[in-house]
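To start, the structure itself, in structure tokens.
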Amino acid sequence: MHILTIVLHSWLLFSMAFFGGSKIAGAKHQIELFDSIKLPQWFRVITGYVQIVACIGLIIGYWYPGIAAWTGILIGTMMLVACLSHLRVKHPIGKMIPALLNLLISIAVVLLYADELSNLFR
């Protein structure tokens with residue numbers, strides 16, 4: 001179980017770093033995505049910074065699992081909103097798959113670290 005936890009935790013870390021960095025850098029596909037879901041570009045940048053903050057939480061979470069659990073809740077909330085945004089503008093399901101996959105993985109991380117939710121720095 002420990003290896004699975006580390007793999008899922010690391011997946012979220014690299015995924016948030018990649019997608020957060022591409023939002024901040026203004027990657028063409030991110031600009032087009034936010035245009036298509038009818039959100040302003042400043043929201044793309046803020047979302048990118050929140051994802052980078054989540055990366056920091058996940059890195060700290062390797063030593064303090066309670067932080068990883070709370071960060072998983074943050075990421076899960078962001079990915080749920082992302083999925084709902086895709087549904088709102090009637091995107092094909094294929095465009096929603098990355099957000100849906102990260103939502104499911106964040107739920108798994110929260111469940112795997114659930115015992116640590118009340119123990120932030122132990």
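As a basis for the values below, the full set of heavy atoms in this structure was taken, side chains included, without hydrogen atoms, waters or symmetry mates. If you read the sequence from its start, that first residue is 1, and numbering goes on from there.
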Mutual orientation of the aromatic rings belonging to Tyr113 and His9 [parallel < 30°, tilted 30-60°, perpendicular > 60°]: perpendicular
Ring geometry between His86 and His91 (parallel below 30°, tilted from 30 to 60°, perpendicular above 60°): tilted
Approximate separation, where rounding is to 0.5 Å, of Ile56 CD1 and Leu13 CG: 10.5 Å
For Pro65 against Glu116, the heavy-atom pair lying closest together: CB-CG, 3.6 Å
Short side-chain to backbone donor-acceptor contact, Arg88 and Ile37, under 3.5 Å: yes
Derivation and outcome, side-chain contact (heavy atoms from CB on, under 4.5 Å), residues Gln41 and Ile31: CA-CA 7 Å; Gln41 292 302 313; Ile31 291 171; 3.7 Å; yes
Worked verdict on Leu117 versus Ile73 for side-chain contact (heavy atoms from CB on, under 4.5 Å): CA-CA 10 Å; Leu117 281 169; Ile73 292 170; 4.0 Å; yes
Spacing of CG belonging to Asn102 relative to CG belonging to Leu80, to within rounding of 0.5 Å: 13.0 Å
Criterion side chain to side chain contact (heavy atoms under 4.5 Å, CB included) against Ser106, the qualifying member of Leu103, Val109, Leu104: Leu103
Linked, directly or transitively: Ile67 and Leu74 (ILVMFWY side chains, under 4.5 Å): yes
Spatial distance of atom OG (Ser85) from atom NZ (Lys95) [nearest 0.5 Å]: 13.0 Å
Minimal non-hydrogen separation, Ile52 against Gly21, with atom names: CD1-N, 4.0 Å
Any donor-acceptor N/O pair, Ser36 side chain to Leu33 backbone, under 3.5 Å: yes
side-chain contact (heavy atoms from CB on, under 4.5 Å) evaluation trace for Gln30 with Phe19: CA-CA 9 Å; Gln30 292 291 352; Phe19 288 116; 3.7 Å; yes
Atom pair CD1/OG of Ile105 and Ser15 - distance to nearest 0.5 Å: 7.5 Å
Heavy-atom closest pair, residues Leu8 and Ala108: CD1-CB, 3.9 Å
Phe43 CZ to Lys23 NZ distance, which is reported to the nearest 0.5 Å: 10.5 Å
Same apolar cluster (I L V M F W Y, side chains within < 4.5 Å links), Met16/Tyr62: yes
Same apolar cluster (I L V M F W Y, side chains within < 4.5 Å links), Trp11/Ile60: yes
Value rounded to 0.5 Å, distance of SG in Cys55 from OH in Tyr49: 13.5 Å
Linked, directly or transitively: Phe14 and Met79 (ILVMFWY side chains, under 4.5 Å): no
Residue pair Leu39, Thr47: steps toward the side-chain contact (heavy atoms from CB on, under 4.5 Å) verdict: CA-CA 11 Å; Leu39 290 173; Thr47 303; over 6 Å; no
Co-membership, hydrophobic cluster, residues Leu12 and Val53, 4.5 Å side-chain: no
Taking every non-hydrogen atom, the tightest pair across His29 and Ser22: NE2-OG, 4.1 Å
